[in-house]
Visitor: 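Encoded as structure tokens, here's the structure I'll be asking about.
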Amino acid sequence: MNITNFQKNHKFLVTGAAGFIGYHLCQTLASIGYQTIGLDNINNYYDPKLKYNRLLELGFSNIAEGEIIQSEKFETLRFIKTTLENKPLLETLFEAENFTQVCHLAAQAGVRYSLDNPHTYIQSNIVGFVNILECCRHFKVDKIVYASSSSVYGLNNNVPFRTTDPVDKPISIYAATKRSNELMAYTYSHLFGLKTIGLRFFTVYGPWGRPDMAMFLFTDAILNNYTLNIFNNGELSRDFTFIDDIITGVVAILTSKSKYSNENWQIYNIGNNKPVRLLDFIEAIEICR
């Protein structure tokens, strides 16, 4: 593999590396030859076995808390298990590794889960995000790309969504924390010149996907003849984006040698622009049954 000067001079931190998008991103960056460290707390929001199996696919076994381990499959890939709330360990990691880019994907996910567990979202999505921003600021990271969500559009009825649309009516704790991330990123960009790029993901699907997502829930119900819970008589539409398209976009932004904009703070929608009706989505699964 021919390593470019850009690859030699840049090192990536990917948080949420055991998650759906994080797993694919680490795999892609390592395959290209970028020095990458993945980070994840491997929580039990959904079955941790899936997360450990993703990590195994990346070449990680014998995972221990707080220890950096080398991938057995990728020479340029390492991993550490820790939480975003562990600020001293994060500072030690940033100081030792001299990251040039951070892709912050780690967060407490799920809209419904936030109804019963709001404090989990505050700790992970707010406190954890501030810790990452502080590390990026103090250890001179060139750029942080972070996961926001289409959930921030809340009660906005303008379709398709535009980044210029108002996003001041979140309808879940999860959405509120994601919007808070965007505002905190703006502040750090304004005060400290930190380049921050927020990506509002729409529904992502593909291999190794999250089991709490609609595609897996509906498929499981149809295969097992369970009753489907459909709201608003199915008169709903949703953007679906294949994981490979998401990774292509994220890698392009992370590895861009030139600025996308003169502004340090940027927000992008990243997803498909053709909403699919819920009933059409269900029918497609039934046909493939």
Visitor: Answer yes or no: is there a donor N or O on one side and an acceptor on the other, between the side chain of Glu91 and the main chain of Cys135, under 3.5 Å?
Guide: no

Visitor: Please report the closest heavy-atom contact between Val102 and Cys136, naming both atoms and the distance.
Guide: CG2-SG, 3.9 Å

Visitor: Would you please indicate if the ring centroids of Phe12 and Phe99 are separated by under 6.0 Å?
Guide: no

Visitor: Assess, by modelled atom type and distance only, whether the side chains of Tyr153 and Asn269 contain a donor and an acceptor separated by less than 3.5 Å.
Guide: yes

Visitor: Are Gln101 and Val145 close enough that some pair of their side-chain heavy atoms sits under 4.5 Å apart?
Guide: no

Visitor: Would you call the rings of Tyr113 and Tyr45 parallel, tilted or perpendicular if under 30° counts as parallel and over 60° as perpendicular?
Guide: perpendicular

Visitor: Do Trp265 and Leu191 sit in one hydrophobic cluster, given that two such residues count as connected whenever their side-chain heavy atoms are within less than 4.5 Å of each other, even indirectly?
Guide: yes

Visitor: Which pair of non-hydrogen atoms, one from Ser151 and one from Ala175, has the smallest distance, and what is that distance?
Guide: O-CB, 3.4 Å

Visitor: Is the number of heavy atoms from other residues, nucleotides or ligands within 6.0 Å of CD (Glu85) greater than 12?
Guide: yes

Visitor: Can a donor-acceptor pair be found between the side chains of Glu182 and Tyr146 at a distance below 3.5 Å?
Guide: no

Visitor: Within the side chain of Thr100, is there an N or O that forms a donor-acceptor pair under 3.5 Å with the backbone of Lys11?
Guide: yes

Visitor: Classify the ring geometry of Tyr186 against His190: parallel below 30°, tilted from 30° to 60°, perpendicular beyond 60°.
Guide: parallel

Visitor: Evaluate the criterion side-chain contact (heavy atoms from CB on, under 4.5 Å) for residue pair Tyr174 and Asn125; output intermediate values, then yes/no.
Guide: CA-CA 8 Å; Tyr174 171 72; Asn125 300 5; 4.1 Å; yes

Visitor: In terms of heavy-atom contacts, does CG of Asn62 have more than 12 from other residues, nucleotides or ligands at under 6.0 Å?
Guide: no

Visitor: Between Gln108 and Thr120, is there a side-chain donor-acceptor contact under 3.5 Å, judged purely by atom types and distance?
Guide: no

Visitor: With the side chain counted from C-beta on, respond yes when Ile144 and Tyr188 share a heavy-atom pair under 4.5 Å apart, and no when they do not.
Guide: no

Visitor: Under 4.0 Å between a Lys/Arg side-chain N and an Asp/Glu carboxylate O for Glu57 and Arg54?
Guide: no

Visitor: Honestly, is Lys51 close enough over Tyr23, meaning NZ or CZ under 6.0 Å from the six-membered ring centre and within 45° of the axis?
Guide: no

Visitor: Are Ile122 and Leu115 co-members of a hydrophobic cluster defined by side-chain heavy atoms under 4.5 Å apart?
Guide: no

Visitor: Would you say Val141 and Leu13 make side-chain contact, with heavy atoms under 4.5 Å?
Guide: no

Visitor: Mind checking whether Ile21 and Phe201 have side chains closer than 4.5 Å, heavy atoms only?
Guide: yes

Visitor: For residues Ser189 and Thr196, is any side-chain donor paired with an opposing acceptor at under 3.5 Å?
Guide: yes

Visitor: Report yes if some heavy atom in the side chain of Ile270 is under 4.5 Å from a heavy atom in the side chain of Thr241; otherwise report no.
Guide: no

Visitor: Step by step, work out the side-chain contact (heavy atoms from CB on, under 4.5 Å) result for Thr255 and Ile32.
Guide: CA-CA 11 Å; Thr255 61; Ile32 295 172; over 6 Å; no

Visitor: If you compare all heavy atoms of Leu84 against all heavy atoms of Ala106, which two are closest, and at what distance to 0.1 Å?
Guide: CD1-CB, 3.9 Å

Visitor: For the backbone of Tyr34 and the side chain of Thr36, can you confirm whether one donor and one acceptor N or O come within less than 3.5 Å of each other?
Guide: yes

Visitor: Would a distance-only check, ignoring hydrogens and angles, find a side-chain to backbone donor-acceptor pair under 3.5 Å from Lys73 to Gln27?
Guide: no

Visitor: To the nearest 0.5 Å, how far apart are NZ in Lys178 and CZ in Phe129?
Guide: 8.0 Å

Visitor: Are side-chain N/O atoms of Glu134 and His138 paired as donor and acceptor at under 3.5 Å?
Guide: yes

Visitor: With rounding to the nearest 0.5 Å, note down the distance linking SG in Cys26 to CD1 in Ile247.
Guide: 9.0 Å

Visitor: Do Leu56 and Trp208 sit in one hydrophobic cluster, given that two such residues count as connected whenever their side-chain heavy atoms are within less than 4.5 Å of each other, even indirectly?
Guide: no

Visitor: Is Val127 linked to Ile132 within one hydrophobic cluster, defined over Ile, Leu, Val, Met, Phe, Trp and Tyr using a side-chain heavy-atom separation of less than 4.5 Å?
Guide: no

Visitor: For atom CD of Glu75, decide whether the heavy atoms of other residues, nucleotides or ligands shown that lie under 6.0 angstrom number more than 12.
Guide: no

Visitor: Could you tell me the separation between the CG atom of Asn131 and the OG1 atom of Thr83, rounded to the nearest 0.5 Å?
Guide: 8.5 Å

Visitor: Between Thr248 and Thr28, is any pair of side-chain heavy atoms under 4.5 Å apart?
Guide: no

Visitor: Might you work through the side-chain contact (heavy atoms from CB on, under 4.5 Å) test for Ser148 and Ile267, ending with a clear yes or no?
Guide: CA-CA 9 Å; Ser148 186; Ile267 294 288; 5.5 Å; no

Visitor: Walk me through whether Leu133 and Thr187 qualify under side-chain contact (heavy atoms from CB on, under 4.5 Å).
Guide: CA-CA 10 Å; Leu133 287 174; Thr187 303; over 6 Å; no

